[in-house]
Amino acid sequence: MAIDFSLTPEQEAIRKLAHEFADKEVKPRAQELDRLTDATAIFPWDIYEKGNRLGFNKTLIPAKYGGLGLGEVETCLVVEELSWADGGIGSTYFVHNMQLLTLGESGSEEQKEKWFRACVNDPEERFFMSLPWTEHGVAGNLSPRDFAAGRANNGPILPAEWAMQSTVPQLEQREMTTVAVEDGDDWIINGTKRFITSAGRSKLMLTSARKGQASPDVGMGLFLIPADAPGVSYGHIEDKMGQRLMQNGEVIFQDCRVPKSDELKDYMTRPRVRGGDVEVAAVFNGIARRAYEEALAYARIRYKGGARIIFHQAVQMAICDMAIKILTSRLLMLKAAWENDQETGFNNYNGMAKIYSSDVAVSVTNQAMQVFGGYGYMRDFPMEKLYRDARLGPIYHATNEMIMVGQLVRWLASMDTIY
């Protein structure tokens with residue numbers, strides 16, 4: 001079968017719809033909203049509601065439940081276009097979509113029927129899912145409100161700690177402290193999650209917790225918890241450097257009672273087929289492409305040194321270099337999304353796409369700001385915001401180093417060639 005890199009007419013129509021929405025509804029307001037000082041007042045519900053009415057939060061819901069029944073290729077096209085206008089908007093949809101995939105793969109038929117239809121039939125068009133997973137950690141509170149040198153690891157590093165390459169005793173190296181304790185037909189969950197996307201905005205959470213006092217891996221569970229369930233509250237809303245139109249904050253569970261029927265029982269035993277992580281690449285491809293387009297447009301009108309700067313060789317080389325990186329990143333994203341849609345097994349291209357696209361976004365926004373010169377550093381121009389939004393990429397979701405060491409190196413070590 002011949003290889004065809006072109007989008008189908010349906011895919012191009014979906015991409016165009018998302019771009020027109022991003023251009024008309026998101027782009028004109030993103031910079032203004034980004035400048036609000038109150039982190040709790042930035043989340044633009046009216047924009048999200050309009051996007052949800054167009055089906056942007058339903059792309060991955062199968063048609064049998066009333067969703068659009070699209071694949072990850074189409075979903076990545078939507079997320080990329082939304083992120084072109086604002087990375088935070090795109091990221092909110094990415095996190096939601098990732099949970100839809102998890103529910104679709106590991107949820108029971110009853111769970112899917114209930115929650116997929118809740119999303120499709122939500123009269124407010126405010127249905128988002130979130131993933132309360134990340135936590136503060138056990139040894140030392142790394143909160144910026146408490147952090148001070150020497151306090152994070154309770155004092156100087158000892159010689160014995162150098163020997164075992166750790167500043168935290170192994171028995172305390174448990175990043176998941178949220179615990180689910182069995183109580184009849186329920187689980188009772190206690191713990192605090194941090195940096196959670198759409199905290200206080202989502203309607204349904206997929207929450208991780210250790211069952212009893214089990215190890216961080218053995219005995220972990222994933223639970224469906226409505227955001228307004230008794231025992232759920234929300235703490236500090238993060239005041240972030242970038243992607244401010246995406247809300248992140250603390251989720252607190254205090255004796256939150258969850259029926260056993262709301263656990264995703266297959267999550268720990270069934271291998272993931274469709275990764276969802278590739279949508280991170282879509283977010284940062286969108287940011288990088290916007291930065292490239294802004295730099296190109298500016299270079300065409302900026303006059304310096306006897307000519308418009310588009311005729312300066314250094315600027316020409318920067319423009320070409322940015323285009324090569326973005327196009328390469330997009331091809332890797334589409335490859336990863338296509339592999340997910342084939343459902344051939346765990347897809348390591350997801351991790352590659354995330355790493356490469358986030359590094360490209362940082363590099364391209366840096367180059368684009370260089371094209372703008374001093375004006376790029378000013379908040380009157382778009383580059384300052386794009387630069388901040390891009391910098392989240394290499395530390396977002398999982399750091400690029402974590403993906404390389406924890407996933408990719410083991411995969412590559414098992415292969416005789418790279419493809």
Side-chain angles (χ1 to χ4, degrees), residues 3-8 10-19 22 56 59-60 70-98 100-101 243 272-293 321-365 386 389-400 403-404 407-408 411-412 418-419:
I3 296 176
D4 186 355
F5 290 100
S6 61
L7 299 179
T8 67
E10 293 78 11
Q11 290 169 336
E12 181 57 35
I14 291 167
R15 188 205 65 77
K16 184 178 179 181
L17 174 68
H19 183 78
F56 294 157
T59 59
L60 292 170
L70 300 176
E72 283 206 66
V73 170
E74 293 82 8
T75 301
C76 281
L77 295 174
V78 171
V79 171
E80 180 183 332
E81 296 303 331
L82 297 176
S83 302
W84 172 88
D86 182 81
I89 297 282
S91 289
T92 298
Y93 280 100
F94 148 64
V95 172
H96 166 75
N97 290 335
M98 187 172 63
L100 289 180
L101 288 175
Q243 300 211 13
R272 295 183 69 187
V273 176
R274 297 175 65 183
D277 303 353
V278 68
E279 291 178 42
V280 182
V283 170
F284 292 97
N285 284 339
I287 294 172
R289 197 182 94 222
R290 172 75 181 285
Y292 167 83
E293 292 174 6
D321 189 52
M322 286 188 276
I324 292 169
K325 290 174 182 174
I326 294 167
L327 289 170
T328 304
S329 181
R330 195 165 191 262
L331 285 170
L332 183 55
M333 174 196 79
L334 291 173
K335 165 67 172 174
W338 181 84
E339 289 280 353
N340 285 339
D341 287 338
Q342 305 314 301
E343 300 188 5
T344 56
F346 187 80
N347 177 12
N348 287 286
Y349 289 107
N350 284 317
M352 288 186 169
K354 187 273 179 184
I355 292 169
Y356 191 75
S357 68
S358 57
D359 284 343
V360 162
V362 172
S363 175
V364 166
T365 54
L386 289 166
D389 287 351
R391 189 56 188 88
L392 176 62
I395 57 175
Y396 179 49
H397 191 45
T399 68
N400 289 355
I403 296 174
M404 286 184 184
Q407 173 188 331
L408 294 181
W411 174 52
L412 294 171
I418 198 169
Y419 59 83

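Just so you know, these numbers use all the heavy atoms, side chains as well, and skip hydrogens, waters and symmetry mates.
- Contacts of Tyr93 classified as side-chain hydrogen bond (donor to acceptor under 3.5 Å, both in side chains), with partners at least two apart in sequence or in another chain: Asn52.
- A donor-acceptor pair shorter than 3.5 Å can be found between the side chains of Glu279 and Asn97.
- Glu81 pairs by the side-chain hydrogen bond (donor to acceptor under 3.5 Å, both in side chains) definition with Arg15, His19, Arg289, not counting sequence neighbours.
- Among residues two or more places apart in sequence or in another chain, the side-chain contact (heavy atoms from CB on, under 4.5 Å) test is passed with Val73 by Gln11, Leu334, Ala337, Trp338, Asp341.
- Judged as a ring pair (Phe, Tyr, Trp, His ring centres under 6.0 Å), and not counting sequence neighbours, the contacts of Phe56 are Phe21.
- Partners of Ser358 according to the side-chain hydrogen bond (donor to acceptor under 3.5 Å, both in side chains) rule, which considers only residues two or more places apart in sequence or in another chain, are Asn400.
- Distance alone, capped at 3.5 Å, places no donor-acceptor pair between the Asn285 side chain and the Ser357 backbone.
- Applying the ring pair (Phe, Tyr, Trp, His ring centres under 6.0 Å) rule to Tyr349 yields the partners Trp411; only residues at least two apart in sequence or on another chain are considered.
- Judged as a side-chain contact (heavy atoms from CB on, under 4.5 Å), and not counting sequence neighbours, the contacts of Leu386 are Ile287, Arg290, Ala291, Glu294, Thr365, Pro382, Met383.
- The side-chain hydrogen bond (donor to acceptor under 3.5 Å, both in side chains) test applied to Ser91 returns Gln243, Tyr396, not counting sequence neighbours.
- Without hydrogens or angle criteria, Gln342 side chain to Glu339 main chain gives no donor-acceptor distance under 3.5 Å.
- Counting only residues at least two apart or on different chains, no salt bridge (Lys or Arg N to Asp or Glu O under 4.0 Å) pair has a member in residues 344-363.
- Arg330 pairs by the salt bridge (charged side-chain N to carboxylate O under 4.0 Å, His left out) definition with Glu80, not counting sequence neighbours.
- The side-chain contact (heavy atoms from CB on, under 4.5 Å) search around Ala361 returns Phe284, Ala288, Ala390, not counting sequence neighbours.
- For the side chain to side chain contact (heavy atoms under 4.5 Å, CB included) test with Asn347, the passing option among Val278, Asp277, Asn340 is Asn340; the others fail.
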